[in-house]
Structure formats: structure tokens, C-alpha cells
Amino acid sequence: MTDELIASGPVLLELDSDGVARLRLNRPDAANGMNMDLLQALHAAIMRVHGEPGVRAVILSGEGPHFCAGGDVRDFASKGEGLPDYLREATAWLQIAVSSLVQLKPPVIAAVHGFAAGGGGFGLACAADFVVAADSAKFMSGAVRVGMAPDAGTTVTLSRLVGLRRAMDILLTNPTLTAAEALDAGLATKVVPGEVLHDEALALARTLTALPPQALAATKRLLWRGTGASLEAQLPEEARTVSELSGTADAREGLAAVIERRPAHFTGT
Ligand SMILES: CCCCCCCCCCCCC[C@H](O)CC(=O)SCCNC(=O)CCNC(=O)[C@H](O)C(C)(C)COP(=O)(O)OP(=O)(O)OC[C@H]1O[C@@H](n2cnc3c(N)ncnc32)[C@H](O)[C@@H]1OP(=O)(O)O
């Protein structure tokens, strides 16, 4: 497996020859606090992954002691009276980053250690398809604590993950959730010992890369669409997708493998 570093700076992007893309937030001295440079680099890296047909799974993580501590609070003070205008532009970039992450075809695994806080950290974790959390990881919305409201889609994504009642508690009272509490709430997929966090995230990525990419992408799209749709609207969309996928080579390969009782080899076609 060879890693090709194709982006450096506030966001590192590596692609390996096995179809795993690694997106790493890279402002460790600021707990990966999101400033405009990081947000724009994150969007550019996500769009680069979008353009790489060979990518079959994405691992999102943070350099240094934390996954991401949200908006760069040091920028709070430095912007003074200009913060509202600056935030109008900055939050637009955060919206674009979160939206493009959710729309990525390959599944996204957030590998969370340290704190996932604020629109950047908590928001990105809520927008990921899987969250593998180190047992020492902590999750905090952080918005109301700094006199703001949640953003990065968390008033939708968190509510869909944990339910409206628990999302109201988490976003209004701003508890610091342990990894175990995040798992219990439905925010985390699995909790692992910190020392094997990246191994476990990579193992999950490898499981995903062995599955038919078009079927995974369609399932992810249906699930994200379905959480806000009526059953009446979703049933025909599922049926249309199934009939479309049934014409792929991967569908023929999957069916043949089941009948012949052998492992399937999916080509993404
Ligand atoms: C609102 C943003 C202003 C303008 C930014 C422009 C673009 C932003 C993109 C749009 C953002 C939209 C709005 C955003 O979504 C709103 C929010 O995110 S609200 C929540 C903001 N985040 C926080 O309130 C968390 C702040 N951090 C902490 O509470 C703690 O650091 C922690 C995460 C609980 C971890 O605590 P510790 O383990 O004790 O670690 P330290 O506190 O010692 O931190 C280590 C080191 O990192 C620095 N640091 C920590 N968090 C941030 C941060 N969010 N931004 C910048 N730097 C951060 C901290 O100062 C330490 O540095 P040192 O002092 O050692 O040099």
C-alpha cells in the first residue's frame, strides 16, 4: 500500500493504492481550530477526493492532541467588530465543506481522538457516515458556550442521529460527552482503545473498499435523503435505485458469488 501525499498545509490529503483517502486537519497547535485557510483547504481536499474515481473510503482525522476544537476562538477576538461579517463568509465555507462531505460518494469515517468540539469538530463528526472514537475522546457542541447557535448542520444531523429530545439537551446544555456516552447516544459507531484508533478506522475502511462502490454510494445517498423524506417518497426512490444498480457488473458479480458460494470481487463497474 503506497500513500501519495497530494495536499499539505492546513489539511493533509493522502491517497493510498488500496482506495483509502486520508484527510487530516493540520493545525495541531490550535487544536485544529477552523480558520478560513483550513476551511478552504478542507473544501479543496474534499473536492479532490470527489474527483478521484479510485477512492472507495475516506478517513477524516486531526493532527495533534485533538480531532478539531471548532471555529478558531483566537479569531473571535482578532476580528472584534468585524466578526459578524467575517463569520458570514467563514460559515459559508463551513456550509460548503459539510455539504460536500455528506455528498461524497465514498463513505466517510471520522476517527476521533481528543475533543470534537464546535461547528468544525462536533459538526464534522455528526456529518460523517461512521465515527470511530478513541475511548478517551470527548464530544462537545460548544456553540451556546460562546454565545452562538450550533452550525455545520448539527441541528439536523445530530437530531437525526440521537433524536430531537437528546439533541435539544446536548445543544442547549452543552455537556461534554465521553466516547461511551456518544456511543450510547448514537453519535459514535464504535469506541476503541486510543492506541488502536487509526488501525480500527483503517480496518473499517478496508471492509468498505471490498464492497461494491456504486451500491455503497447509492445506499449512503438514500439514507441521507431518507432521514428527511416520507415513506411514500422514499419507496419509489429506493426501487428506482435498486433497478439501476441491478444492471451493473458488480450486481452480476455479487449474485454469481452468492450462488457459487465464493467471495465476490467488485470492480466498481
Ligand atoms: C466562531 C469562529 C470565529 C472566526 C473563525 C473563522 C472561521 C471559522 C469557521 C466558521 C466557524 C463557524 C462558527 C463555529 O462553528 C462556532 C464554534 O465552533 S463554537 C465552539 C468554538 N470552540 C470552542 O469553544 C472550543 C475551545 N477549546 C476548548 O474548549 C478546549 O481547548 C478543549 C477543546 C476543550 C480542549 O481543552 P484542553 O485539552 O485543555 O486543550 P487546550 O485548551 O489547552 O488547547 C490546546 C491548544 O489549542 C488551542 N485551542 C483550543 N481550542 C481552540 C480553538 N477552537 N481555536 C483556536 N485554538 C484553540 C488552545 O488555545 C491551546 O493553545 P495554547 O494556548 O497551548 O497555545
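Atoms within each ligand, like the ligands themselves, are counted from 1 in listed order. Quick caveat: nothing in here was measured; it's all calculated off a predicted structure.
- Considering Gly71, Ala30, Gly33, Ala152 only, the shortest heavy-atom separation from atom 54 (N) of ligand 1 involves Gly71.
- In terms of protein heavy-atom proximity, atom 4 (C) of ligand 1 is nearest to Asp75 CB, 3.7 Å.
- Close contacts of ligand 1 with Phe115, meaning ligand atoms under 4.0 Å from a residue heavy atom, involve 33 (C), 34 (C), 35 (C).
- Here is the list of ligand 1 atoms found below 4.0 Å of a heavy atom in Thr91: 12 (C).
- Contact annotation: the side chain of Pro106 never approaches that of Arg56 to less than 4.5 Å [non-hydrogen atoms, C-beta and beyond].
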Requested in this report: Might you work through the salt bridge (Lys or Arg N to Asp or Glu O under 4.0 Å) test for Asp72 and Lys79, ending with a clear yes or no?
Outcome: CA-CA 11 Å; Asp72 186 324; Lys79 299 303 175 189; over 6 Å; no
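- Asp135 places no side-chain N or O within 3.5 Å of a backbone atom of Val191 that could act as its donor or acceptor partner.
- Evaluated by nearest non-hydrogen atom to atom 16 (C) of ligand 1, the leading choice among Met34, Lys138, Met148, Gln95 is Met148.
- At a heavy-atom distance under 4.0 Å, only backbone atoms of Asp29 (N, CA, C or O) approach ligand 1.
- In this comparison of Cys68, Ala143, Ala90, Pro65, the heavy atom closest to atom 7 (C) of ligand 1 sits on Ala90.
- Taking a cut-off of under 4.0 Å to the non-hydrogen atoms of Arg145, the atoms of ligand 1 that pass are 23 (C), 24 (O), 25 (C), 26 (C), 28 (C), 29 (O).
- Residues Asp37 and Arg27 are not paired through a salt bridge, judged by the lack of any N-O separation under 4.0 Å between the basic side chain and the carboxylate.
- Under a 4.0 Å criterion applied to the non-hydrogen atoms of Gly70, ligand 1 contributes the atoms 18 (O).
- At a 4.0 Å cut-off, not a single heavy atom of Phe122 sits close enough to ligand 1 to count as contact.
- Counting protein heavy atoms only, atom 37 (P) of ligand 1 is closest to His66 NE2, 4.0 Å.
- The proximity of Tyr86 to ligand 1, defined as any non-hydrogen pair under 4.0 Å, is limited to the side chain.
- One hydrophobic cluster, built from ILVMFWY side chains closer than 4.5 Å, holds both Val73 and Met36.
- Considering only non-hydrogen protein atoms, atom 59 (C) of ligand 1 sits nearest to Arg74 NH2, 3.5 Å.
- The shortest side-chain heavy-atom distance between Ser61 and His198 falls under the 4.5 Å cut-off.
- With hydrogens and angles disregarded, no donor-acceptor distance shorter than 3.5 Å links the side chain of Ser159 to the backbone of Val156.
- Among Leu39, Val73, Asp151, Asn174, the residue whose heavy atom lies closest to atom 21 (C) of ligand 1 is Val73.
- With respect to atom 19 (S) of ligand 1, the closest heavy atom belonging to the protein is Val146 CG2, 3.6 Å.
- No salt bridge links Glu238 with Arg225; every basic N to acidic carboxylate O contact stays at or beyond 4.0 Å.
- Considering Gly119, Gly147, Ala69 only, the shortest heavy-atom separation from atom 23 (C) of ligand 1 involves Ala69.
- The nearest protein heavy atom to atom 45 (C) of ligand 1 is not closer than 4.0 Å.
- A heavy-atom distance below 4.5 Å is not found between the side chains of Ile170 and Thr154.
- The ligand atoms of ligand 1 that sit less than 4.0 angstrom from a heavy atom of Ala31 are 47 (O), 49 (N), 50 (C), 51 (N).
- At a threshold of 4.0 Å, the pair Arg166-Glu181 does not count as salt-bridged, since none of the basic side-chain nitrogens sits closer than that to a carboxylate oxygen.
- Every atom of ligand 1 is numbered from 1 in the order shown, and the set under 4.0 Å from a heavy atom of Gly118 is 18 (O), 20 (C).
- Distances from atom 50 (C) of ligand 1 to the protein include at least one heavy-atom value under 4.0 Å.
- Within the 4.5 Å cutoff, the side chain of Val144 has no heavy atoms near those of the Leu171 side chain.
- The single protein non-hydrogen atom nearest to atom 56 (C) of ligand 1 is Asp72 OD1, 3.3 Å, given as residue, atom name and distance.
- Using a 4.5 Å cut-off on side-chain heavy atoms (C-beta onward), Asp18 and Thr209 make no contact.
- Checking atom 42 (O) of ligand 1 against the protein gives no heavy-atom contact under 4.0 Å.
- Proximity of Pro107 to Leu204: side-chain heavy atoms (C-beta onward) are nowhere separated by under 4.5 Å.
- With contacts defined as side-chain heavy-atom distances shorter than 4.5 Å, the pair Ile109/Leu60 does not qualify.
- Within the 4.0 angstrom cut-off, atom 65 (O) of ligand 1 has no protein heavy-atom neighbours.
- In terms of protein heavy atoms, atom 2 (C) of ligand 1 is closest to Phe76 CE1, 3.0 Å.
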